[in-house]
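Worksheet: one structure, shown below.
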Number of protein chains: 2
Amino acid sequence: MLKEERLNYILNEVKVRNRVLLYDIAIKLNVSEDTIRRDLKFLDEQGKIKKVHGGAVSNSFHIYNYKEDDIYAHADKSQIGRKAISLIKEEQVILMSGGTTNLELARLMPDHFPLTIFTPSLPVALQLLEHPNIETIFVGGRLSHEAQIALGGDTLNTLAQVKADVCFLGTGYLDVQEGLTEFDWEVVQLKKSMIRASKRVVALTISEKLSSIQRFKVCDTESIHTLITELPPDSPTLGGFQKIGLEII
Amino acid sequence: MLKEERLNYILNEVKVRNRVLLYDIAIKLNVSEDTIRRDLKFLDEQGKIKKVHGGAVSNSFHIYNYKEDDIYAHADKSQIGRKAISLIKEEQVILMSGGTTNLELARLMPDHFPLTIFTPSLPVALQLLEHPNIETIFVGGRLSHEAQIALGGDTLNTLAQVKADVCFLGTGYLDVQEGLTEFDWEVVQLKKSMIRASKRVVALTISEKLSSIQRFKVCDTESIHTLITELPPDSPTLGGFQKIGLEII
DNA sequence: ATTAATTATGCAATACTTTTCGAGAATTAT
DNA sequence: ATAATTCTCGAAAAGTATTGCATAATTAAT
C-alpha cells in the first residue's frame, strides 16, 4: 500500500465521519499506529485535517477540492467576500459569475436566511450546495474545460429570462477609462448577459487587477454600480473610481 | 516489448486503478524495476501521472476528491464503468445521469476520440471536464442539495430538445417485474425525460440493487435496452432479465 | 553494409526513505 | 493520584531510489 493511498483513505474518512481514531485506521490499513500518526501529522501540516490527541478531526473549512493555499491572494479574496455579503438581503435573487473570488464568496454566504442564486460556474454551484437555505440554479450550457463555467448560446438564452437583484462579477480586469475587459470572447458575452440580467452590478476584484486591460470589452465603468476590493474604500489606489462617483466598499 | 507499449500499459493501469506499484508492473511486463522506475519518472515529467515512493498514482484523482463508498463496491462500479465504455463510439452524443457508478464511468471515459455528453449531475460534469476531447454540456436547472443534480421544469424542458445515442442511467433500483424505480419523485421525472431523449437506454447498477423496489416507477424493464452489472452476463442472479431477452453485458 | 553515435536495459553498490519497535515522557480519563 | 492511553525519540529493519557502468538494441552516417 502506497503512502498516497493511505492519505486518500484518511482524508475520505475524515470527510465522511468528521473524525478518525489512530487505532481504527491502523487496524483497517494494517500498518502501525506510528505510521498513521506520521500521516496525520503530514496532513495536518498540509492544512487538510486537524491532528488531535488520539486521532484527527475535520478541518470543516475544507470541503471538496477547495484548498485555501492553492488560491492566489486568498486572504484578500476572503475579505472581498465578506464585504460583498454585507450587500445581500433576505430572499434576494443573486447572479454569480465564476472565479476564485466568487468561490470564496460562495463559501462565506450567510446560512440563516433564504436566497436564490443563479450561476454558470460549476465550482461556485458546488460550494453553494453546502448552504441548505440557498436555492441554487445552475445556468446550463456547454462547459469550458479550463474555466469550469457554462458558456455559449444556451447559457445566454437562459440568462435572458432572469432578472436578479444583484450580480457579483468575479475575475476580469477593470480600468477607469477602459471599463471591464476580458481576454476570452465567450466570457465577455456571458458577462454582458449577466449584467443585462441584473438590477445592480457589483464587481469583485483584487486591487492587482485594477488598471489592467485585456483584449475584449465587457462594459464601461459606468455600467458597474459597486466596486469591492480588498482595500479600504478611501485608498488612493482607487482614486480614479472615487472621482467618477462609483460606489466603493 | 517496446517502451511505448509499456507506457501505454502503465497509463491504462493508472487510469483504471488510480495507482500502480513498481513491483507489480515489473513482474507483469517482465522487465526490471529499474526500467519501470524510469518509465514512471518519464510519465511524471510529461505530467501524465504522479510518481510516488514505490509506484505512481493518477494525478487527476486529486483534482476532484470523490467519495468511494467502500472499496468493494468501488471495484464493482469500476468494472461496470469499463463494460459501459465498450458501448461508446466516436462522435456519439451521450446522456449521463448522476450517482457514483456514473461518476466512475465519467472518470474512465476514453480520451482518444471526441464525444458530446449531456449531464445534469455536477460531480459527473466536473469529472468529464478532465477529458479534453469530451464536450460536456450541463443540463441546467434547480440543483438538489443532496444529489447534486439539476432537477425540475427547466431541466426537463432542456432534455426535451436533446436526442442522444445512448443514455447511461446510474443508481436506481431495478426489478424484473416492477421495472426501474426510485424514491424521489423529481428524480423519476428526470429519468423519464432522459429515457425519452435517448435512442438506447443502458442501466448501470451493482447487483445489490437488483430486485429492490422503491416507491415511484421510472419505467418498465422493457424500456431498458441494456443492463450492465459487475456480474458476468450469464450469472444466475440475472436469470430473470435473461429470460425476457434484455441485453446483458 | 559497416561503423559510429545514441538510446535502452539490467546490475551492483551505495544512499536515501519509510516503517516498525521499544522505552520513557506526556497526556487524558476516572 | 492512578491507570490507561497516546506521544516522542532513536535505532534497526525493510523497502525504494540513485548512480555509474557494462551490455544490448536501435538509429544515423559513411
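Every heavy atom of this structure was used, including side-chain atoms; hydrogens, water molecules and symmetry mates were not.
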Under 4.0 angstrom between A/R6 side-chain N/O and C/dT19 OP1 or OP2: yes
B/R142-A/T136 side chain donor-acceptor pair, cut-off 3.5 Å: no
Would you mind reading off the distance between A/L21 atom CG and C/dT28 atom P, rounded to a whole angstrom? 15 Å
A/E5 CD to C/dT19 C1': how many Å, rounded? 16 Å
To the nearest angstrom, how far is A/L22 atom CG from C/dA26 atom C1'? 15 Å
Between D/dA17 (P) and B/D39 (CG): distance, integer Å: 13 Å
Do the side chains of A/K41 and A/D44 get close enough for a salt bridge, i.e. N-O under 4.0 angstrom? no
Which atom names give the shortest non-hydrogen contact between B/Q92 and B/L87, and what distance separates them? OE1-O, 3.8 Å
In whole angstrom, give the distance that lies between atom CZ of B/F42 and atom P of C/dT7. 12 Å
Nearest-Å distance for atom pair NZ/C1', residues A/K41 and C/dT18: 14 Å
Judged by each residue's nearest nucleotide on DNA chain C, which is more toward the 5′ side, B/R38 or A/E33? B/R38
Using heavy atoms to find the nearest nucleotide of DNA chain D for A/R37 and A/L2 separately, return the residue whose nucleotide is more 5′. A/R37
Roughly how many Å is it from CG in B/L40 to C1' in D/dA17, rounded to a whole number? 12 Å
Given D/dA17, D/dC7, C/dT19, the nucleotide with the shortest approach to the side chain of B/H53: D/dA17
Check the distance between D/dT6's C1' and A/D24's CG and give it to me in whole angstrom. 14 Å
Do other residues, nucleotides or ligands put more than 12 heavy atoms under 6.0 Å from A/K50 NZ? no
Donor-acceptor pair under 3.5 Å, B/D34 side chain vs C/dC11 base: yes
If you only use heavy atoms from C-beta on, which nucleotide in C/dT20, D/dC7, C/dA12 is closest to the side chain of A/K51? D/dC7
Does this structure show an ion pair linking B/E182 with B/K191, if we count only N-O contacts that are shorter than 4.0 Å? yes
Please check the phosphate of C/dG10 (OP1 and OP2 only) for any side-chain N or O of B/T35 closer than 4.0 Å. yes
